[in-house]
Amino acid sequence: MLDIRLIREQPDFVKSRLATRGGDDHLKIDEVLAVDAERRRLETALQRCNADRKRLSKEIGGTRSRGEDSTAAEERVRQIGEESAELVRQAAVAEERQRDLLLNIPNLPHVNAPVGTTAAENPVIRSWGEKPQFDHPVLDHVALGAKLKLFDAERATKLSGSGFICFTGAGARLERALIQFMLDLHTREHGYVEVSPPFLVRRDCMVGTTQLPKFEEDMYGLEDGAMFLAPTAEVPVTNLHREEILSLANLPKKYTAYTPCFRREAGSAGRETRGIIRVHQFDKVELVKITAPEDSYAEHESLTADAERVLQSLGLHYRVIELCTGDLGFGSAKTYDLEVWSPGQGAYLEVSSCSNFEDFQARRMNLRFKEADEKNRFCHTLNGSGTALPRLFAALLEAYQQRDGSVRVPEKLQRYFGEAEIRL
RNA sequence: GGAUGGGUGGCAGAGUGGUCUAAUGCGCACGCCUGGAAAGCGUGUUUGCCGCAAGGCAACCAGGGUUCGAAUCCCUGCCCAUCCGCCA
């Protein structure tokens, strides 16, 4: 949520920043300003009204205790009471409208964000490693998975419909090994605290991290509409400290969590849907930071580096791109995506998205911090995948495949997987 | 699923119809005191709206009701806790 004061004081700046995203969100700003002015007018009138009523009521108390007649004043107060009730109604409507508008306006891209309209304009920031070369035909992860019986899409469909996957045998074990490997890396070497949060969260939490109200159709919710399956650990973990006032000395907070993630992604069929690349339920190890505003951009760089370490440790070639303004997520001011090389697809696959939300989420969840005697200020929140599993799984199989269809296990993963190779 | 008790400031917690924005304690900040510290003393310590400012006003989970007047009484909702039942 944007700060209404910023919108009031620098509407043109806000509009021009929003315009870089494309779309027409900048057009909502004038509407917000109109509603805000109306809301404040009503609130001021209401307060004046209530103040009058309060003062008169006190006088009535005095008048009565002296045994004098107070009916005229009582009648006046009754009138004011009716006016007040009407103002309360109008002010509530205006406030609700203002909140609705604000909840649906995206964050301002950072002033240095590359301006562009589509993913094609995302600049490559750096890359690591080399594309592996093969002296035999290259299989994709679907073929390798079938050969080695690592997952079973048909039977998963029987259970849950298309877009679900069931890992089996060595595949399930590889999944588990990767999770454990990543959690150990982040907790032991990068200083994150591991959390294992609830996967089912309240509506308020989903609003806090910006999945709601705008993207409800992409979420799995319970029928009564009260709770949702978390689409990412970002939701429960960032909301851990919602409505709290943290002490500056305890920042930054660094958390890592493994959770399954549930996403409808309605209408996404057709592209990138082969195999396990895009499914409705997938595993992910997430990184979350809560920081002071002054530190968030440095913390963003280090969080991205922490996610990169996963790919480096596994010896997987990847590149880092920065999202241009038109491709940036709703709540993000700045995002780096990590894309791992998939030899089977001959393409890069997004396995991590590392974002700085500045105070956009914190304002929605009323997450603040206090420095000694200073005023309460909103924290900055960040998160990044560290990393998402199915695509990492796929890229790893493809990159480490051998002529006979077996797959080598990267050295750092061997003690987690228990073997040096995957073969039938 | 059944029963009960609750939601007040950074925290704890008093307040059951009118000088209550709200006692008291704790924490924190600043000042005094001290060789230095602790203790002690003093001051301050939520948010929103109006205002250049001084300052003023509003807000005791949310909404509705009773009343001249509600933190306080009644209703609804949301949330929290405890006990019972069921269950991994």
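Lettering of chains follows the sequences in order, A, B, ..., and the numbering in each one begins at 1.
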Problem set entry | Distance between P atoms of rA23(B) and rA14(B) (Å, rounded) | 14 Å
For this session: Quick one: look up who rA62(B) pairs with, Watson-Crick or G-U, both distances under 3.5 Å, and put none if it's unpaired.
Result: rU76(B)
Seminar exercise, completed: Re rG9(B): Watson-Crick or G-U wobble partner, both distances kept under 3.5 Å, found to be none
For this session: Map R40(A) and R368(A) onto RNA chain B by nearest heavy atom, then report which one ends up closer to the 5' terminus.
Result: R368(A)
Exercise. Any idea how F215(A) and F330(A) line up, ring-wise: parallel (<30°), tilted (30 to 60°), or perpendicular (>60°)?
Worked result: perpendicular
For this session: Take the protein atom CD of E86(A) and the nucleotide atom P of rG64(B), then report the distance between them rounded to whole Å.
Result: 11 Å
Exercise. Where does the angle between the aromatic ring planes of H186(A) and H190(A) fall among parallel (under 30°), tilted (30 to 60°) and perpendicular (over 60°)?
Worked result: tilted
For this session: Would you mind reading off the distance between N366(A) atom CG and rG48(B) atom P, rounded to a whole angstrom?
Result: 10 Å
For this session: Take R53(A) and I245(A), find for each the nucleotide of RNA chain B with the closest heavy atom, and name the residue whose nucleotide sits nearer the 5' end.
Result: I245(A)
Exercise. For L248(A) and rC28(B), what is the distance between atoms CG and C1' respectively, to the nearest whole Å?
Worked result: 14 Å
Exercise. Considering only the C1' atoms, how many Å lie between rG40(B) and rC57(B), rounded to the nearest integer?
Worked result: 38 Å
Seminar exercise, completed: From the candidates rC68(B), rG48(B), rC50(B), the one with an atom nearest any side-chain atom of Q47(A) is rG48(B)
Dump the pairs, protein N or O against N or O of nucleotides 18-20 of chain B, anything under 3.5 Å, distances to one decimal.
from, atom 1, to, atom 2, distance (Å)
rG18(B), N2, S57(A), O, 2.8

Exercise. Contact class for R76(A) (heavy atom, under 4.0 Å): base, sugar-phosphate, or nothing?
Worked result: nothing
Exercise. Going by an N to O cut-off under 4.0 Å, is there a salt bridge joining D36(A) and R39(A)?
Worked result: yes
For this session: Measure the shortest side-chain to side-chain distance between E339(A) and I321(A) over non-hydrogen atoms and say whether it is less than 4.5 angstrom.
Result: yes
Problem set entry | Base-pairing mate for rC57(B) - Watson-Crick or G-U, with both contacts under 3.5 Å | rG48(B)
For this session: Using whole Å, report how far CZ of R48(A) lies from P of rG51(B).
Result: 10 Å
For this session: Indicate, with a heavy-atom threshold strictly under 4.0 Å, whether R8(A) touches base, sugar-phosphate, or nothing.
Result: sugar-phosphate
Exercise. Side chains of Y318(A) and Q312(A): is there a donor and an acceptor less than 3.5 Å apart?
Worked result: yes
Seminar exercise, completed: To the nearest angstrom, the CZ-C1' distance between R363(A) and rG48(B) comes to 14 Å
Exercise. Hey, are K28(A) and E31(A) close enough for a salt bridge, meaning a charged N less than 4.0 Å from a carboxylate O?
Worked result: no
For this session: Looking at every strand, decide which applies to R202(A) at a 4.0 Å heavy-atom threshold: base, sugar-phosphate, or nothing.
Result: sugar-phosphate
Problem set entry | For rA81(B), the Watson-Crick or wobble partner whose two distances fall under 3.5 Å | rU4(B)
Problem set entry | Identified pairing partner of rG40(B), criterion: Watson-Crick or G-U wobble below 3.5 Å | rC32(B)
For this session: Would you kindly say whether E234(A) and T209(A) are connected by a side-chain donor-acceptor distance under 3.5 Å?
Result: no
For this session: Report the distance from atom CG of N376(A) to atom P of rA29(B), rounded to the nearest whole Å.
Result: 15 Å
Exercise. R5(A) near the nucleic acid: base, sugar-phosphate alone, or nothing, with a heavy-atom cut-off under 4.0 Å?
Worked result: sugar-phosphate
Exercise. Under the 6.0 Å and 45° cation-pi test, does R173(A) pair with F417(A)?
Worked result: yes
For this session: Specify the separation, in whole Å, of atom CZ of R78(A) and atom P of rC68(B).
Result: 5 Å
Seminar exercise, completed: Considering only heavy side-chain atoms of V88(A), the closest of rG69(B), rC49(B), rG64(B) is rG64(B)
Problem set entry | R377(A)/E294(A) salt bridge by N-O under 4.0 Å criterion | yes
Problem set entry | E244(A) (side chain) and rG10(B) (base): donor-acceptor pair under 3.5 Å | no
Problem set entry | N50(A) CG to rU21(B) P, straight-line distance once rounded to whole Å | 13 Å
